[in-house]
Q: 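This is the structure, below, for whatever I ask next.
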Amino acid sequence: MSFPVRFRKKMTVTTRFAPSPTGFLHIGGARTALFNWLFARHHGGRFLLRIEDTDRQRSTPEAVAAIFDGLSWLGLEADAEPVFQSARAARHAEVVADLLAQGRAYRCYASAEELAEMRAAQRAAGQPQRYDGRWRDRDPAEAPQGVAPAIRLKAPQEGETVIEDAVQGRVTVANSQLDDMVLLRSDGSPTYMLSVVVDDHDMAISHVIRGDDHLTNAFRQTQLYRALGWEPPVFGHIPLIHGPDGAKLSKRHGALGAEAYRDMGFLPEAMRNYLARLGWAHGDDEMFTTEQAIQWFDLPGVGRSPARFDMAKLTDLNAKYLRQGDDARLAGLVAERLAGEGLTVDDPGRALLEAAMPGLKTRARTLVELADSARFYLLPRPLALDDKAARQIEGEGRETLAALLSRLTDTPTWEREALEALTRSFAEEQGLKLGKAAQPLRAALSGSTVSPPVFEVLELLGRAESLGRLADALEPSA
RNA sequence: GACCCCUUCGUCUAGUGGCCUAGGACAUCACCCUUUCACGGUGAAGACACGGGUUCGAGUCCCGUAGGGGUCACCA
């Protein structure tokens with residue numbers, strides 16, 4: 001399972017995304033996955049997935065499913081079946097047995113209470129809290145009876161550990177700052193520190209790109225790699241994403257699952273573009289295709305400072321993607337949403353949506369807004385008018401509308417330019433500004449004072465439906 | 001507290017010693033376009049955290065200060 005260093009170095013770039021399935025795929029994780037995916041694609045390498053489910057208590061199948069869903073929505077497919085870390089416990093233990101045999105690890109019989117006392121004493125003395133190595137050189141013969149030991153790494157105590165981080169640069173820490181970490185718990189289960197190292201090695205991961213909350217872990221992991229005689233991967237610790245207030249992302253602002261963004265009406269390509277620009281830049285380019293991102297993405301372009309998640313910018317980007325989106329696809333997505341709220345869209349309805357899309361998509365920033373603004377096209381008569389719209393059809397507006405209705409009824413051509421010309425000349429002879437005629441029309445047709453251009457609406461709705469809606473609006477009871 | 005990292009407009013960022021009287025994007029404001037709302041167009045306001053160095057010259061290099069973040073488990 002392990003490869004000699006000289007061979008591994010020649011192997012292609014391999015990255016991985018390794019979430020622990022304790023919740024949804026949050027936005028920070030999504031960006032980490034994106035960066036790993038882009039990096040692998042850029043270098044013609046492989047992108048793998050590993051589920052770190054060694055915490056049996058907190059890991060759930062639902063979370064695993066949510067993570068897979070989120071990744072596939074974002075289009076970040078892995079190049080191989082995901083690895084489940086929990087299935088590899090035997091291999092992890094085997095590695096530790098070797099370490100033990102070589103004297104690079106040792107058994108520690110200290111109890112949890114004992115360690116807690118030790119830390120309390122250190123804290124009281126104002127000393128840094130770390131394992132004091134009490135079993136490091138102790139004679140195993142002194143081991144207490146009937147106590148299962150944890151296995152700790154015999155880490156170097158002098159010198160320093162250096163990481164040449166592809167994002168952070170060279171980072172150095174004195175070995176005296178690090179203690180002897182636990183590799184195997186007293187129940188024989190592997191710790192995270194051990195598992196990542198063994199799995200990354202066995203999966204031939206060449207580049208570990210992850211949040212910089214793991215930077216300090218990288219020192220310990222490097223020590224483990226050395227003890228094992230393995231070459232560490234290249235690390236790239238990317239800065240975390242913060243909420244709008246500069247604090248760690250919390251549930252209140254951005255730490256929602258990918259599916260929450262989907263529900264809010266964001267397009268996956270907009271999400272990908274936005275996430276890519278968070279902490280990474282290619283000059284002044286703001287909007288780019290995934291192909292361009294793959295071509296341009298590399299670690300030197302990643303910044304070192306944390307970025308804040310900005311809904312407004314995401315929303316704006318999404319609006320731009322909506323505007324250039326394919327009409328048939330958008331019509332489909334809108335139909336899906338409308339169906340979700342009980343408004344079934346038949347084939348003619350779908351065609352109407354698609355035809356109306358150019359006029360609708362420029363007025364929406366999310367699919368939610370798009371669906372909201374499209375709904376009136378499909379609603380059955382009589383339409384309910386909102387308050388502002390109803391006011392357009394009172395008094396003067398009502399008279400104007402009635403007069404206009406008879407003109408419309410008589411017109412031979414039902415086509416937007418002709419309808420506009422008709423309405424313009426009508427307004428002119430009545431001595432009205434065009435808006436005075438257009439607004440009541442819009443209100444009756446759409447039930448609102450805001451809509452795509454009225455003459456476009458008139459044309460798309462068709463003669464019968466339009467005339468019907470106008471008549472409905474003039475009903476005294478309405 | 002210890003260790004590590006970070007610091008350019010409100011936000012995301014460009015910037016790798018002279019091209020910077022610091023550029024773009026989002027947000028904000030104004031105007032134009034206009035049948036509503038948008039789109040679009042034009043313009044405005046808005047930043048190199050602070051203090052010392054190094055250098056002919058510093059946003060760019062070094063040191064310090066301040067602020068922010070991360071990590072300090074037999075969690076991952």
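The chains referred to below are lettered A, B, ... by the order of the sequence lines, with proteins before strands, and numbering in each begins at 1.
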Q: Mind checking if A:A150 touches a base, just sugar-phosphate, or nothing, with heavy atoms under 4.0 Å?
A: base
Q: May I ask you to verify whether the side chain of A:T216 and the base of B:C3 hold a donor-acceptor pair under 3.5 Å?
A: no
Q: B:C74 phosphate, OP1 or OP2: any side-chain N/O from A:R152 under 4.0 angstrom?
A: yes
Q: Using purine N1 to pyrimidine N3 plus N6-O4 or O6-N4 for Watson-Crick, or N1-O2 and O6-N3 for G-U wobble, each under 3.5 Å, what pairs with B:A25?
A: B:U11
Q: Using a cut-off of less than 4.0 Å, is there contact between a side-chain N or O of A:T54 and OP1 or OP2 of B:A76?
A: yes
Q: A:T172 near the nucleic acid: base, sugar-phosphate alone, or nothing, with a heavy-atom cut-off under 4.0 Å?
A: sugar-phosphate
Q: Please pick, from B:U35, B:C39, B:C6, the nucleotide with the shortest atom-to-atom distance to any side-chain atom of A:R323.
A: B:C39
Q: In residues 278-285 of chain A, what donor-acceptor pairs under 3.5 Å come from side-chain atoms, sequence neighbours left out?
A:
| residue | atom | partner | partner atom | Å |
| --- | --- | --- | --- | --- |
| A:H282 | ND1 | A:D285 | OD2 | 2.7 |

Q: Pick one for B:C39: is it syn, with its angle within 90° of 0, or anti?
A: syn
Q: What is the nucleic acid contact for A:P306, judged by heavy atoms within less than 4.0 Å: base, sugar-phosphate only, or nothing?
A: sugar-phosphate
Q: Heavy atoms under 4.0 Å, any strand shown: does A:A110 hit a base, just sugar-phosphate, or nothing?
A: base
Q: Reckon A:T362 touches a base, only the sugar-phosphate, or nothing at all at heavy-atom distances under 4.0 Å?
A: base
Q: When you check the phosphate oxygens OP1 and OP2 of B:C74, does a side-chain N or O of A:R119 lie under 4.0 Å from one of them?
A: yes
Q: Can you identify which nucleotide, out of B:C37, B:G24, B:C12, has its nearest atom closest to the A:E286 side chain?
A: B:G24
Q: Can you list, pair by pair, the side-chain donor-acceptor contacts under 3.5 Å of residues 384-394 of chain A, counting residues two or more places apart and other chains?
A:
| residue | atom | partner | partner atom | Å |
| --- | --- | --- | --- | --- |
| A:D386 | OD1 | A:K388 | N | 3.2 |
| A:D386 | OD1 | A:A389 | N | 2.8 |

Q: Are A:K361 and B:C39 close enough that a side-chain N or O sits under 4.0 Å from OP1 or OP2?
A: no
Q: Given the structure, check if the side chain of A:D212 and the base of B:G70 hold any donor-acceptor pair shorter than 3.5 Å.
A: no
Q: On the side chain of A:R363, is there an atom forming a donor-acceptor pair with the base of B:C37 - under 3.5 Å, no angle test?
A: yes
